[in-house]
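Reviewing the structure listed below.
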Amino acid sequence: MHTADSPALEPEWARFGSPIRELVMLNALLALLLELAMLVFVAWWALLLDLPWWARILVAVVAVGLLVVLWGTFAAPRARVRLPVVGVVAVKAVAFGAGALALWGMGNPVAAVVFAGVVAVSVAVTTWVRMRATA
């Protein structure tokens, strides 16, 4: 059993009955794929910069590293620092915004807008699930 100070060890979808459980599970999978895509888009953008190859690799590693640290510290389900809901959503907006801007910067504005739209829906669902779990 967990206390109010420790995060729940059960998955978020365990609190729901079918068919909501399956939708929450699918959203969790989608969220993971979006997070990975964000990192790929930022790295890809950095590798296409008009810089020497070593500088592009350095920018890619630093940018992705910063996003990973930001996400793990503030936005992950078991983040080290617990922010209020507005703070978590703000961190996700910055991180996913970087992914969308990277797509846009590579000349893919339609993909950037679609990515941002899918992210907005997924983050809204995740936020609703987590707020409902604490209520």
- Identify whether V85 and V88 are in the same connected component of the hydrophobic contact network (ILVMFWY, side-chain heavy atoms under 4.5 Å). no
- Could you tell me which residues satisfy ring-ring contact (aromatic ring centres under 6.0 Å, His included) with F74, sequence neighbours excluded, listed by chain and number? none
- If you take all heavy atoms of A100 and A112, which pair is closest and at what distance? O-CB, 3.3 Å
- Spacing of L49 atom CG and W45 atom CH2 [to the nearest 0.5 Å]: 4.5 Å
- Query: Do V42 and L48 sit in the same hydrophobic cluster, where Ile, Leu, Val, Met, Phe, Trp and Tyr count as joined when their side-chain heavy atoms come under 4.5 Å apart?
  - Reply: yes
- Query: Hey, any chance V91 and M38 share a hydrophobic cluster, counting ILVMFWY side chains that come within less than 4.5 Å of each other, even indirectly?
  - Reply: no
All N/O donor-acceptor pairs, side-chain side in residues 101-109, below 3.5 Å, sequence neighbours left out:
none

- By ring-ring contact (aromatic ring centres under 6.0 Å, His included) - contacts of W71 (at least two apart): F96
- Query: What pairs with A37 under side-chain contact (heavy atoms from CB on, under 4.5 Å), at least two apart in sequence or on another chain?
  - Reply: F41, F115
- Message: Under 4.5 Å between side-chain heavy atoms, counting indirect links through other Ile/Leu/Val/Met/Phe/Trp/Tyr residues: same cluster for L70 and V86 or not?
- Response: no
Using distance only, find each side-chain donor-acceptor pair of residues 50-69 under 3.5 Å and give its atom names and separation, not counting sequence neighbours.
{"unit_1": "R56", "atom_1": "NE", "unit_2": "L51", "atom_2": "O", "d": "3.0"}
{"unit_1": "R56", "atom_1": "NH1", "unit_2": "L47", "atom_2": "O", "d": "3.4"}

Please list every donor-acceptor pair under 3.5 Å in which a side-chain atom of residues 21-34 meets a protein atom from a residue at least two apart or in another chain.
{"unit_1": "R21", "atom_1": "NE", "unit_2": "F16", "atom_2": "O", "d": "3.0"}
{"unit_1": "R21", "atom_1": "NH2", "unit_2": "F16", "atom_2": "O", "d": "2.7"}
{"unit_1": "E22", "atom_1": "OE1", "unit_2": "S18", "atom_2": "OG", "d": "2.9"}
{"unit_1": "E22", "atom_1": "OE2", "unit_2": "S18", "atom_2": "OG", "d": "3.4"}
{"unit_1": "N27", "atom_1": "OD1", "unit_2": "S122", "atom_2": "OG", "d": "3.1"}
{"unit_1": "N27", "atom_1": "ND2", "unit_2": "S122", "atom_2": "O", "d": "3.4"}
{"unit_1": "N27", "atom_1": "ND2", "unit_2": "T126", "atom_2": "OG1", "d": "2.9"}

